[in-house]
> 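Quick one: the structure is below, questions incoming.
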Amino acid sequence: MRLSQFLGRTLRSNPSEAETDNHKLMLRTGMIQQLAAGVYSYAPLAIRSLTKIANIIREEMNAAGGQEVKLPTLQPRELWQQSGRDATFGPDLIRLQDRRGREMVLAPTHEEAVTLLVKQHLQSYRDLPMLVYQIQTKFRDEVRPRGGLVRVREFDMKDGYSFHADDESLDETYQRMVQAYHNIFQRCGIPAIQIEADSGAIGGKDSHEFIMPSEIGEDTFIHCPKCGYAANAERAAFTRPAAPSEAELPMEDVHTPGQKTIQDLVDNLGVTPAQTLKVVIYMADGEMVFATVRGDLDVNDIKLKRALGCIDLRLATDEEVAAAGISAGSASAVGMTGIKIVADESINIGTNFVAGANKADYHILNVNTPRDLKPDLIADIAMAEGGHACLNCGTAFEAARGIEVGHVFKLGTFFSEALEATFQDPEGQQQPAIMGCYGIGVGRLLAAAVEQNRDEKGMCLPASVAPFHVYLAGLNMDKEEVAAAADSIYEELLDAGVEVLYDDRTDSAGVKFNDADLLGFPVRVVVSPRNLKEGKAEIKLRIESEANVVALENAASYVTTLLTT
RNA sequence: CGGGGAGUAGCGCAGCCUGGUAGCGCGCUACGUUUGGGACGUAGAGGUCCCGGGUUCGAAUCCCGGCUCCCCGACCA
């Protein structure tokens with residue numbers, strides 16, 4: 001491709017809309033253009049990389065026994081009502097009507113559709129296992145898209161689904177997918193690590209995320225530097241910090257005017273946060289729930305949702321709290337009746353806690369469990385943080401941020417039951433298929449690859465995902481001998497099957513070098529009057545500072561060698 | 001959804017407070033001179049100043065309403 005004809009122009013300054021480096025680079029190179037919040041057009045430069053990433057994914061999926069399919073984006077809403085997810089997805093699901101007034105959705109994921117497709121061909125356990133995948137556009141009306149391609153509302157995703165007759169078969173495929181994912185990230189230049197994750201409300205037992213550690217990541221994960229345990233903070237198990245254990249004293253009200261937060265109590269009563277109990281008020285499927293944790297910990301929504309087994313969980317509004325006659329700031333699970341109380345394990349570690357008194361401006365001293373507080377449910381509902389102790393080995397956790405580049409999880413039979421995808425087992429009984437599902441965001445993978453592979457001058461993507469292999473620049477293209485020599489190398493590289501972008505513009509050397517660095521293809525070839533006098537061309541790797549000078553007739557083969565080693 | 005910020009030429013921005021013919025840099029076009037790390041000169045092209053109302057002789061500028069985009073938060077008893 002000749003740059004003079006190429007759709008796309010580099011920018012000399014960063015567009016003001018970008019914050020993160022990958023976003024800035026993708027805008028400056030002209031890879032992408034924003035059309036609306038979280039909605040992007042992809043220029044040829046981006047498509048070339050995205051296609052390479054998609055093909056790497058295809059190769060690994062096929063090698064793992066996957067079969068490619070394509071499921072519709074436009075789907076009847078009825079199907080989503082049948083699975084129950086029309087309700088659970090909420091406003092993230094884009095709903096619309098067709099011309100006949102039929103309710104439709106733009107699919108945010110494809111479990112329903114794939115289950116129907118496989119169901120049609122599934123009769124016997126002999127048909128299993130089955131592994132299918134697709135690379136298809138998803139629509140999710142995210143609350144807040146951000147960071148360029150990191151979180152968008154319309155995006156391509158590889159989603160794979162497996163169907164099994166038993167758990168052993170699911171485990172086997174799951175492990176094969178995990179390995180395939182490691183291969184994919186490694187081939188794309190992404191140092192992803194595997195962490196334990198929450199499998200969501202529909203949940204089977206296992207779920208893992210693949211995270212590329214990065215400051216700009218949206219996910220916080222916890223890892224143990226000693227035993228290697230790593231998990232999403234939403235999921236991580238941990239040992240609750242110790243708290244003073246003393247003789248239990250009788251409960252006693254204390255006047256605490258204007259003291260509403262844990263910090264207020266710490267400042268005024270001379271206690272530590274671990275000597276207090278806090279309550280957070282939620283609405284779970286429309287029912288009010290008190291979630292209680294020790295004051296030094298925070299409630300983890302995801303864990304709470306899992307413990308309750310509810311579909312919709314949100315904080316109660318101020319109005320709802322007031323309507324229930326609860327005194328905000330002094331609310332407490334102690335002595336509260338008629339409201340479901342869920343407590344974290346931490347309330348049993350420590351004694352003589354300070355808790356709200358359920359009347360304005362009062363708290364209670366010396367609350368002890370289980371003497372004074374008998375929750376309906378005790379579970380792990382506290383958020384793990386850096387510094388907390390690893391449940392396995394007791395070492396202090398480290399917390400870090402990262403970009404989630406892949407997610408695998410065991411679905412179980414939620415969809416096969418809802419949509420009646422059953423098979424006949426050897427005993428002649430009908431059984432719902434056991435499912436697994438496996439996702440990778442293609443555009444997010446590119447964003448992560450750019451974020452990881454860059455320097456102050458621009459991108460340095462590996463050849464496997466770089467838009468082109470070679471940036472061929474002719475300096476002083478108005479000189480006939482330069483144009484002729486550069487044309488000639490261009491043709492040779494094309495003949496050799498090398499992906500080359502030929503900078504045949506008449507711009508100055510500085511412009512071309514800067515664009516070459518910005519675009520960051522692995523190899524740069526320069527034809528100039530200076531080297532031409534010696535009958536040579538200059539060949540340089542993006543990641544190295546020194547260039548080699550090679551005879552013109554050997555240039556193409558030299559490049560080919562560089563790219564294959 | 002709450003809180004901040006911003007919409008003026010392809011990109012980056014100034015102008016607004018204090019209303020009076022819409023500017024600068026980069027990029028773009030033409031010609032000439034340059035020629036290995038974002039060259040120089042000359043001459044040009046390019047704008048519904050986010051949208052709609054209002055005030056005014058006159059609005060990018062003041063007032064009212066709306067839209068869009070970016071960032072932070074979504075953790076609180």
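Residue numbers start from 1 in every chain, and the chains themselves are labelled A, B, ... in the order their sequence lines are given, proteins ahead of strands.
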> Does any donor-acceptor pair link the side chain of Asp507(A) with the base of G38(B) at a separation under 3.5 Å?
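By the distance-only test, no, there is no pair.
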> Could you tell me whether the side chain of Arg28(A) has a donor or acceptor atom within less than 3.5 Å of a complementary atom in the base of G12(B)?
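No, no donor-acceptor pair under 3.5 Å.
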> Rounding to an integer number of angstrom, what distance separates U42(B) and C24(B) when you compare their P atoms?
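Per the computed distance, 14 Å lies between those P atoms.
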> Over how many whole Å does the gap from Lys24(A) atom NZ to G12(B) atom C1' extend?
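Interatomic distance, NZ of Lys24(A) to C1' of G12(B): 13 Å.
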> To the side chain of Asn514(A), which of U35(B), G36(B), G37(B) is closest?
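Nearest nucleotide to the side chain: G37(B).
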> Atom CD of Gln259(A) and atom P of C76(B): how far apart are they, to the nearest Å?
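My rounded result for the distance is 17 Å.
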> Considering only the P atoms, how many Å lie between A22(B) and A60(B), rounded to the nearest integer?
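Their P atoms lie roughly 8 Å apart.
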> Below 3.5 Å, does any donor atom in the side chain of Asn476(A) face an acceptor in the base of G36(B), or the other way round?
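For Asn476(A), whose side chain was compared with the base of G36(B), there is no donor-acceptor pair (under 3.5 Å).
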> If you only use heavy atoms from C-beta on, which nucleotide in G27(B), G12(B), G37(B) is closest to the side chain of Ser16(A)?
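When the side chain of Ser16(A) is considered, G12(B) is the closest of G27(B), G12(B), G37(B).
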> By the 4.0 Å heavy-atom rule, please label Tyr282(A) as base, sugar-phosphate, or nothing.
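Base contact - Tyr282(A) has a heavy atom under 4.0 Å of at least one base atom.
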> What's the closest nucleotide to the side chain of Val280(A) if the choices are C69(B), C76(B), C26(B)?
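Nucleotide nearest to Val280(A)'s side chain: C76(B).
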> Using the C1' atom as the point on both nucleotides, what is the distance between A6(B) and A14(B), in whole Å?
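About 15 Å, rounded to a whole number of Å.
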> Please determine, for G27(B), whether a Watson-Crick or G-U wobble partner exists with both distances under 3.5 Å, and give it or none.
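The base-pairing partner of G27(B), which may sit in any strand shown, does not exist here.
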> In Watson-Crick or G-U wobble terms, both distances under 3.5 Å, what is the partner of A14(B)?
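Pair assignment: A14(B) / none.
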> For G27(B) and G47(B), measure between their C1' atoms and round to the nearest Å.
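Those two atoms are separated by 16 Å.
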> Taking 4.0 angstrom as the limit, do Asp86(A) and Arg95(A) come out as a salt bridge?
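A salt bridge links Asp86(A) with Arg95(A).
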> Regarding Gln34(A), tell me which of base, sugar-phosphate or nothing describes its non-hydrogen contacts under 4.0 Å with the strands shown.
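Here Gln34(A) touches the backbone only, sparing every base.
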> Expressed in whole Å, how much space separates the C1' atoms belonging to G4(B) and G15(B)?
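The same atom, C1', in both gives a distance of 24 Å.
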> Suppose we define a pair by two distances each less than 3.5 Å, Watson-Crick or G-U wobble; what does U68(B) pair with here?
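Partner of U68(B): A6(B).
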> If you assign each of Arg9(A) and Tyr40(A) to its closest nucleotide in RNA chain B, which residue comes earlier from the 5' end?
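Result of the comparison: Arg9(A).
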> For U56(B), give the paired nucleotide (Watson-Crick: N1-N3 plus N6-O4 or O6-N4; G-U: N1-O2 and O6-N3; both under 3.5 Å), or none.
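U56(B) is unpaired by these criteria.
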> Check if the side chain of Arg524(A) and the base of G37(B) share a donor-acceptor pair of N or O atoms closer than 3.5 Å.
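Answer yes: a donor N or O sits under 3.5 Å from an acceptor.
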> What does Asn300(A) touch in the nucleic acid at a heavy-atom separation under 4.0 angstrom: a base, only the sugar-phosphate, or nothing?
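Here Asn300(A) touches no strand at all.
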> Looking at G37(B), A74(B), G36(B), which one has an atom nearest to any side-chain atom of Arg146(A)?
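Shortest atom-to-atom distance from the side chain points to A74(B).
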> What's the gap between C63(B) and C16(B) when it is taken at their C1' atoms, as a whole Å value?
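Nearest-Å result for C63(B) against C16(B) at atom C1': 14 Å.
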> Nearest to the side chain of Pro15(A) - C1(B), G12(B), G38(B)?
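Per side-chain heavy atoms of Pro15(A), the pick is G12(B).
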> Atom CG of Leu475(A) and atom P of G36(B): how far apart are they, to the nearest Å?
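It works out to 8 Å between those atoms.
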> Distance check, P atoms only: A59(B) and C17(B), in whole angstrom units.
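Here A59(B) and C17(B) have their P atoms 14 Å from each other.
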> Using both distances under 3.5 Å as the test, list the Watson-Crick or G-U wobble partner of C40(B), or none.
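By the stated definition (distances under 3.5 Å), G32(B) pairs with C40(B).
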> Between C76(B), A39(B), G37(B), which one does the side chain of Ser508(A) approach most closely?
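So the side chain of Ser508(A) is nearest to A39(B).
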> Roughly how many Å is it from CG in Asp344(A) to C1' in C75(B), rounded to a whole number?
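Atom-to-atom, Asp344(A) to C75(B), this comes out as 15 Å.
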> Hey, does Ser332(A) reach any base, or is it just sugar-phosphate, or nothing, if we go heavy atoms under 4.0 Å?
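No contact at all - Ser332(A) keeps every heavy atom at 4.0 Å or more from the nucleic acid.
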> Whole Å only: how far is the CD atom of Gln33(A) from the P atom of G10(B)?
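Going from Gln33(A) (CD) to G10(B) (P), I get 12 Å.
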> Nearest whole angstrom, please: distance from the P of U35(B) to the CG of Leu532(A).
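Those two atoms, CG and P, are 17 Å apart.
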> State, without any angle test, whether Asn548(A) and Tyr558(A) hold a side-chain donor-acceptor pair at a distance under 3.5 Å.
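Short answer, yes.
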> Let me know the distance between CG of Leu11(A) and P of G12(B), rounded to the nearest Å.
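Between P of G12(B) and CG of Leu11(A): 8 Å.
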> In terms of ring plane angle, is the pair Phe89(A) and Trp80(A) parallel, tilted or perpendicular, where the classes change at 30° and 60°?
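Perpendicular: the ring planes of Phe89(A) and Trp80(A) meet at over 60°.
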> Please confirm whether the shortest side-chain N or O distance from Arg12(A) to OP1 or OP2 of G27(B) is below 4.0 Å.
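For G27(B), OP1 or OP2 has a side-chain N or O of Arg12(A) closer than 4.0 Å.
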> Would you classify Arg151(A) as touching base, sugar-phosphate or nothing, given that sugar-phosphate means primed atoms plus P, OP1 and OP2, and contacts are heavy atoms under 4.0 Å?
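No contact.
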> Would you mind telling me which of C26(B), C75(B), C70(B) lies closest to the side-chain atoms of Leu315(A)?
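Of C26(B), C75(B), C70(B), C75(B) is nearest to the side chain of Leu315(A).
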> Closest approach to the side chain of Ala36(A), judged atom by atom: which nucleotide of C69(B), G37(B), C28(B) is it?
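Selected nucleotide (nearest to the side chain): C69(B).
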> With both distances under 3.5 angstrom, what nucleotide forms a Watson-Crick or G-U wobble pair with A77(B)?
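Matched A77(B) with nothing under the 3.5 Å cut-off.
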> Could you tell me whether the side chains of Glu491(A) and Ser488(A) share a donor-acceptor contact shorter than 3.5 Å?
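Per modelled atom types, Glu491(A) and Ser488(A) side chains form no pair under 3.5 Å.
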> With side chain to side chain contact (heavy atoms under 4.5 Å, CB included) as the test, pick out the partner of Pro15(A) among His23(A), Gln34(A), Arg28(A).
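The side chain to side chain contact (heavy atoms under 4.5 Å, CB included) with Pro15(A) is passed solely by Arg28(A) among His23(A), Gln34(A), Arg28(A).
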> Between Pro145(A) and Thr10(A), who's closer to the 5' end of RNA chain B by nearest nucleotide?
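That would be Thr10(A).
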> Would you call Arg240(A) and Asp296(A) a salt bridge, using N to O less than 4.0 angstrom?
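Looking at Arg240(A) and Asp296(A), the cut-off is not met.
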> Which value, in whole Å, describes the distance between the P atoms of nucleotides C57(B) and G19(B)?
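Each nucleotide's P atom is 15 Å from the other's.
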> What contact category does Gly148(A) fall into here, base, sugar-phosphate, or nothing, at under 4.0 angstrom with non-hydrogen atoms?
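No contact.
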> Among G36(B), G27(B), C11(B), which nucleotide sits nearest the side chain of Ser13(A)?
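So the side chain of Ser13(A) is nearest to C11(B).
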> Would you please classify the geometry between the Phe468(A) ring and the Phe6(A) ring as parallel, tilted or perpendicular, with 30° and 60° separating the classes?
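Taking Phe468(A) first and then Phe6(A), their aromatic rings stand perpendicular (interplane angle over 60°).
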> Classify the side-chain pair Ser4(A)/Asp504(A) by whether it contains a donor and acceptor separated by less than 3.5 Å.
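Yes.
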> In this structure, how many angstroms lie between the P atom of C31(B) and the CG atom of Asp478(A), rounded?
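After rounding, the gap between these two atoms is 13 Å.
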> With both distances under 3.5 angstrom, what nucleotide forms a Watson-Crick or G-U wobble pair with C49(B)?
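The answer is none; no pair meets the criterion.
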> According to side chain to side chain contact (heavy atoms under 4.5 Å, CB included), who are the partners of Lys374(A), at least two apart in sequence or on a separate chain?
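For Lys374(A) there are no side chain to side chain contact (heavy atoms under 4.5 Å, CB included) partners, ignoring immediate neighbours.
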> What's the closest nucleotide to the Arg144(A) side chain, out of G37(B), G27(B), C71(B)?
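Between G37(B), G27(B), C71(B), the one nearest the side chain of Arg144(A) would be C71(B).
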